[in-house]
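Accompanying notes for the structure given below.
Each residue takes its place number in the sequence, starting with 1. All of these numbers come straight from a predicted model, not from anything done at the bench.
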Amino acid sequence: MVNPGKRSGRPRAGEERLSREAILTAALRIVDDEGIDALTMRRLAATLQVNPMSLYHHLPNKSAVLAGLAELVFADLTPAEAAVSAEAAVPAEAAVPAEAAVMSWQEQLKESARAYRNGLRAHPNLALQVLADTSAVSGVVVATMEPFYRALDQAGLSPREIFEAANTLIDFIHGFSLGEASVRAETFELAPDLIARVNELPPGKAPTLTRIVGELGETGLAYDFDSGFESGLATVTAGIAARQR
């Protein structure tokens, strides 16, 4: 029996029709505000004020909703050329964005990495799910790899080197994003605990670590996620550049 307080999938005159986009927008709001565990089909239906069964016409289960959320978040990062169908047979040269044509491959790679990180950072609860559940990785998410591969191809790497370099960079972004999502702050107070632990070490246990931590002090050990990401990104990019022929 349908709850009289809920709308069915068919809208009344003047009401907005339930759509996949409306469902995903509401689901993303729940995930952003309360986390993945708060998202259920029943909760989603209550938020939209519809009968739960009406959701299944658009998305069959929670896994489909999560995959749709990943698609929604990453859609803006998908290069425009990825949306062109194979039937269109657009030459590869014509598919390269104009801005990419005037940037070095290093800057293209860094810009792609920043955009990917920002997509994860904007929705940390969803990011944790996307990184932990491969079923949430839709074709839209996979397509975000295109600018990474394009930049590395311009660097003159072999296909295998491109594959390995892209995976290394994506793994760095994923690992960094997981740490960032777990802290939920712009900075991370690493110094006090690290200094205390180093001071507790037996004499001579880790002399180099002890010396460097002592030289840096609490100010030098202050950690900012933005600068930390840029430092790591520069290191990875320099390592890839060292493999150029």
Determine, for Phe229 and Arg117, whether the Lys NZ or Arg CZ falls below 6.0 Å from the six-membered ring centre while staying within 45 degrees of the axis.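 Cation-pi check for Arg117 and Phe229: passes.
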
Rounded to the nearest 0.5 Å, how far apart are [atom1] of [X] and [atom2] of [Y]?
| X | Y | atom1 | atom2 | answer |
| --- | --- | --- | --- | --- |
| Thr144 | Tyr149 | OG1 | OH | 11.0 Å |
| Tyr56 | Asn51 | OH | CG | 10.0 Å |
| Leu120 | His174 | CG | NE2 | 6.0 Å |
| Leu221 | Asp193 | CG | CG | 11.5 Å |
| Leu18 | Gln49 | CG | CD | 12.0 Å |
| Met103 | Glu111 | CE | CD | 4.5 Å |

For side chain to side chain contact (heavy atoms under 4.5 Å, CB included), just list the numbers for Met41 and Val65, CA-CA rounded to whole Å, side-chain angles, deciding distance to a tenth of an Å, and then say yes or no. CA-CA 9 Å; Met41 298 302 275; Val65 174; 3.9 Å; yes

Positive for side chain to side chain contact (heavy atoms under 4.5 Å, CB included) with Leu28, one of Asp32, Thr25, Ile30: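 Of the listed options, the one satisfying the test is Asp32.
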
Would you call the rings of Phe225 and Tyr223 parallel, tilted or perpendicular, taking 30° and 60° as the class edges?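 Perpendicular: the ring planes of Phe225 and Tyr223 meet at over 60°.
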
Electrostatic pair [X]-[Y], nearest N-O below 4.0 angstrom:
| X | Y | answer |
| --- | --- | --- |
| Arg20 | Glu71 | yes |
| Arg29 | Glu34 | no |
| Lys110 | Glu230 | no |

Side chain of [X], backbone of [Y]: donor and acceptor closer than 3.5 Å?
| X | Y | result |
| --- | --- | --- |
| Ser231 | Ser227 | no |
| Glu161 | Ser158 | yes |
| Asn199 | Ile195 | yes |
| Ser54 | Val50 | no |
| Gln154 | Trp105 | no |

Shortest non-hydrogen contact between [X] and [Y], atoms and distance:
| X | Y | answer |
| --- | --- | --- |
| Ile162 | Asp153 | CD1-CA, 3.6 Å |
| Ala22 | Leu48 | O-CD2, 4.0 Å |
| Ala38 | Arg43 | O-CG, 3.6 Å |
| Leu126 | Ala70 | CD2-N, 4.2 Å |
| Leu59 | Ala64 | CD2-O, 3.7 Å |
| Glu218 | Pro192 | OE2-CG, 4.1 Å |

Taking the side chain as every heavy atom from C-beta outward, state whether [X] and [Y] have any pair of such atoms under 4.5 Å apart.
| X | Y | result |
| --- | --- | --- |
| Ile170 | Tyr116 | yes |
| Leu152 | Leu169 | no |
| Leu69 | Leu39 | yes |
| Ile173 | Leu233 | no |
| Leu66 | Ile36 | yes |

When you look at Leu109 and Ile240, which way does the side chain to side chain contact (heavy atoms under 4.5 Å, CB included) test go after all the steps? CA-CA 11 Å; Leu109 196 64; Ile240 294 171; 3.9 Å; yes

Just wondering, more than 12 heavy atoms not from Glu21 lying within 6.0 Å of its CD?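 Counting other residues, nucleotides and ligands, CD of Glu21 stays at 12 neighbours or fewer.
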
Heavy-atom count around Asp37 CG within 6.0 Å, excluding the residue itself: above 12?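 Open: at most 12 neighbouring heavy atoms sit under 6.0 Å from CG of Asp37.
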
As a quick check of understanding, evaluate side chain to side chain contact (heavy atoms under 4.5 Å, CB included) for Thr168 and Phe172, giving each step before the final call. CA-CA 6 Å; Thr168 298; Phe172 161 67; 5.8 Å; no

Walk me through whether Arg114 and Asp226 qualify under salt bridge (Lys or Arg N to Asp or Glu O under 4.0 Å). CA-CA 10 Å; Arg114 291 171 187 134; Asp226 286 340; over 6 Å; no

Can you list everything that forms a side-chain hydrogen bond (donor to acceptor under 3.5 Å, both in side chains) with Arg160? Sequence neighbours excluded, please.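 If we apply the side-chain hydrogen bond (donor to acceptor under 3.5 Å, both in side chains) test to Arg160, skipping adjacent residues, the hits are Glu164.
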
